[in-house]
Amino acid sequence: MTESVVPPMVPPTEEQIAIVKSTAPVLEVHGVTITSTFYKNMHGDIPALHEIFNQANQQNGHQARALAMSVLAYAKYIDNLAVLGETVELICQKHASLVIEPAHYNIVGKYLLEAIKEVLGDAATPAIIDAWGACYWQLAHIMINREEEIYKEKANRDWRPFTVEKKIKESDEVTSFYLKPKDGKPVETYKPGQYITVKVAVPQQEWKQCRQYSLSTSQNPEYYRISVKRIDGVDVKDPSQQAHPGWVSNVLHDTVKEGDSLDLTFPCGSFFLDSEANPEAPVVLISGGVGVTPLMAMLNTLVDNGSERPLTWIHATRGQSAYAFGDHLKAVMKTKKNWHAVVYNRDLTLSGDSDNYKVLGGKLDLPSLDRNADLYLDNPNTQYFICGPDSFMVELKDILVSLGASAENVKYERFGTGDVVREPKPAVTGGCPVSHGSATAGMKCPVSGAIVEQSA
Ligand SMILES: Cc1cc2nc3c(=O)[nH]c(=O)nc-3n(C[C@H](O)[C@H](O)[C@H](O)COP(=O)(O)OP(=O)(O)OC[C@H]3O[C@@H](n4cnc5c(N)ncnc54)[C@H](O)[C@@H]3O)c2cc1C
Ligand code: HEM
């Protein structure tokens, strides 16, 4: 695949932008049907793409929703794309970590426009399809350019074979993998918090599967370390129920042995501790379960750099058996006067041993902590990093902001695809959801079938 097959950048016309904006509500109604149709048709015709796309996210619909939501957000903000900067960066980092190439955009563009036609039928007039095509390519060019910049930062922009040098059990459910490049050259440089993608064969699928894993320790030239939780297929809310056991995590735990080879890409991701931005500002790391991994890379980087900035680590775990890196955290906290950890354990199997390492029972409870000694809320530059289950991150970010933290200083990393769903979107019922501007006047509403009239 080469870049030359990508059409040149031709900005959409004002009229096309207006059409896309005004048809955005239709996408809100049909978005997931369109993107599900898109994936079904594209994977049916080009089975090799099964290897790039996470098939679990295809089966559970998460990726169809992620794509629909991003296209919808794009349509809404098409005349103010700066609003989408962080989202586009997150997607481009994920794409780069999967070595998505410019020519892939031709395939996606073709199947996406065909899916819009298939789902909306006659309502998808040629003007609407042309407008979406032009706007798709505008976004595609933004993404292709950003992905190219990311590739240029890497010494090696392709998959690279690594040897599993060591496997270390960190808890009953988390195991670390020390991964050394087979070519003997150094690993890529990375920022603490970033992830790599691993590709492995799984028994459930004909095609290999890709998964992202955060690098779980600080930069060194010789190896990457990732720490993987086994998804054992037990429903955490109701352990008597069997859930889908994780395909890749179980292969990594059970099948991949020390000395085996694993294909990886290079570190990517927009969730990282930037040591140069506000280098004196306090850092608050908040983790739940295996969400400890990217934060451990941040902590170890601060240790390596001899950082003196104030730091609190707040962690939530079920208890001793599920607690990875506990001994390391305890040892590190003892090395600095202005660093301390507060660990919540639900089954009360842990015990604390100093002011630098407190252990509490029950659920992580930010408002009960000291706003300055623990959370540094009166310092406007304090940096907060959260990683854990979706609801945990959303809730804690909201609490921090309500306590006075600035939202832009609170970052979180999702171990999934797409943005966190905060609340169900209200369904569009009755009437015509298409906004009635001059660009759509006279067109047929794709939902109600009514002819759109121009509003005053
Ligand atoms: C940026 C990033 C960083 C990450 N870092 C880490 C890390 O450091 N450590 C770590 O352990 N993980 C990490 N992850 C998660 C990791 O990438 C995998 O998602 C995880 O290991 C599960 O993969 P799996 O193949 O084992 O499970 P999958 O087979 O992908 O299943 C994942 C989940 O989806 C559910 N599911 C899937 N299909 C269905 C279905 N059809 N019906 C019902 N439920 C279904 C499963 O029950 C399971 O809970 C990270 C993810 C991202 C995006
Ligand atoms: C303008 C076009 C595109 C848009 C708007 C888009 C949007 C997205 C979004 C929102 C995500 C989820 C990111 C996350 O939360 O982690 C994603 C992931 C992904 N995209 Fe794209 N994408 C586009 C083009 C492409 C192309 C051309 C390919 C290559 C065939 C591709 C392959 C993928 C893959 C493999 C993932 C990860 C899926 C997963 O882990 O389940 N995308 N994309």
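For the numbers below, each heavy atom of this structure counts, side chains included, while hydrogens, waters and symmetry mates do not. Counting convention: from 1, in listed order, for ligands and their atoms alike.
- Taking every non-hydrogen atom of L98 and a distance limit under 4.0 Å, the qualifying atoms of ligand 2 come out as 34 (C), 35 (C), 36 (C), 37 (C).
- Using a 30° and 60° split on the angle between ring planes, W207 and H50 fall in the parallel class, below 30°.
- Every atom of ligand 2 with a heavy atom of V108 under 4.0 Å away is listed here by number and element: 26 (C), 27 (C), 28 (C), 30 (C).
- Closest to atom 18 (C) of ligand 2 by heavy atom, among E51, M69, M42, Q63, is Q63.
- Here T417 has heavy atoms under 4.0 Å from ligand 2 in both its backbone and its side chain.
- Close approach of ligand 2 to L67 is summarised as follows: ligand atoms under 4.0 Å from at least one heavy atom of the residue are 4 (C), 5 (C), 6 (C), 7 (C).
- The shortest N/O to N/O separation between N250 and ligand 1 does not fall below 3.5 Å.
- The shortest contact between atom 20 (C) of ligand 1 and any protein heavy atom is with Y213 OH, 3.8 Å.
- Nearest to atom 25 (C) of ligand 2 by heavy atom, out of R211, H95, E101, Q212, is H95.
- Not one N or O of I231 is nearer than 3.5 Å to an N or O of ligand 1, by distance alone.
- For atom 32 (C) of ligand 1, the nearest protein heavy atom lies 4.0 Å away or farther.
- Across H244, R225, Q55, heavy-atom proximity to atom 37 (C) of ligand 1 is greatest for H244.
- Contact annotation: for Y74 versus ligand 2, there are no heavy atoms closer than 4.0 Å.
- Shown are V174, T349, T317; of these, the side chain to side chain contact (heavy atoms under 4.5 Å, CB included) with Y323 is made only by T317.
- Between E147 and R157 there is no salt bridge, since no side-chain nitrogen of the basic residue lies less than 4.0 Å from a carboxylate oxygen of the acidic one.
- Near S70, with a cut-off below 4.0 Å to any heavy atom, the atoms of ligand 2 are 5 (C), 7 (C), 10 (C).
- Considering each of R211, Q212, Q204, Q205, the one bringing a non-hydrogen atom nearest atom 14 (N) of ligand 1 is Q212.
- Where the criterion is an N or O separation shorter than 3.5 Å, residue side chain and backbone included, Y105 fails it with respect to ligand 2.
- Below 30°, between 30° and 60°, or above 60°: for Y224 and F162 the angle between ring planes is below 30°, a parallel geometry.
- For S227, the heavy-atom gap to ligand 1 drops under 4.0 angstrom.
- Residue-ligand proximity, I52 to ligand 2, at heavy-atom distances under 4.0 Å covers atoms 35 (C).
- Within the set N60, T417, N57, V198, the minimum heavy-atom distance to atom 34 (O) of ligand 1 is found for N60.
- Listed by number with element, the atoms of ligand 2 under 4.0 angstrom from any heavy atom of L139 are 1 (C), 5 (C).
- Ligand 2 has an N or O atom lying under 3.5 Å from an N or O atom of K94, backbone or side chain.
- Under a 4.0 Å criterion applied to the non-hydrogen atoms of N57, ligand 2 contributes the atoms 39 (C), 40 (O), 41 (O).
- Residue-level proximity to ligand 2 for T87 is absent, since no heavy atom of it falls below 4.0 angstrom.
- Under the 4.0 Å criterion applied to side-chain N and carboxylate O atoms, K191 and E276 are not assigned as salt-bridge partners.
- The aromatic rings of Y223 and Y178 sit tilted, their planes meeting at an angle between 30° and 60°.
- In summary, the atoms of ligand 2 found under 4.0 Å from a heavy atom of H104, numbered by their order in the structure, are 27 (C), 29 (C), 30 (C).
- In this structure, the protein non-hydrogen atom closest to atom 27 (O) of ligand 1 is G246 CA, 3.1 Å.
- Salt-bridge formation is not detected for the pair K152/E149: no Lys NZ or Arg NE/NH1/NH2 atom is positioned less than 4.0 Å from an Asp or Glu carboxylate oxygen.
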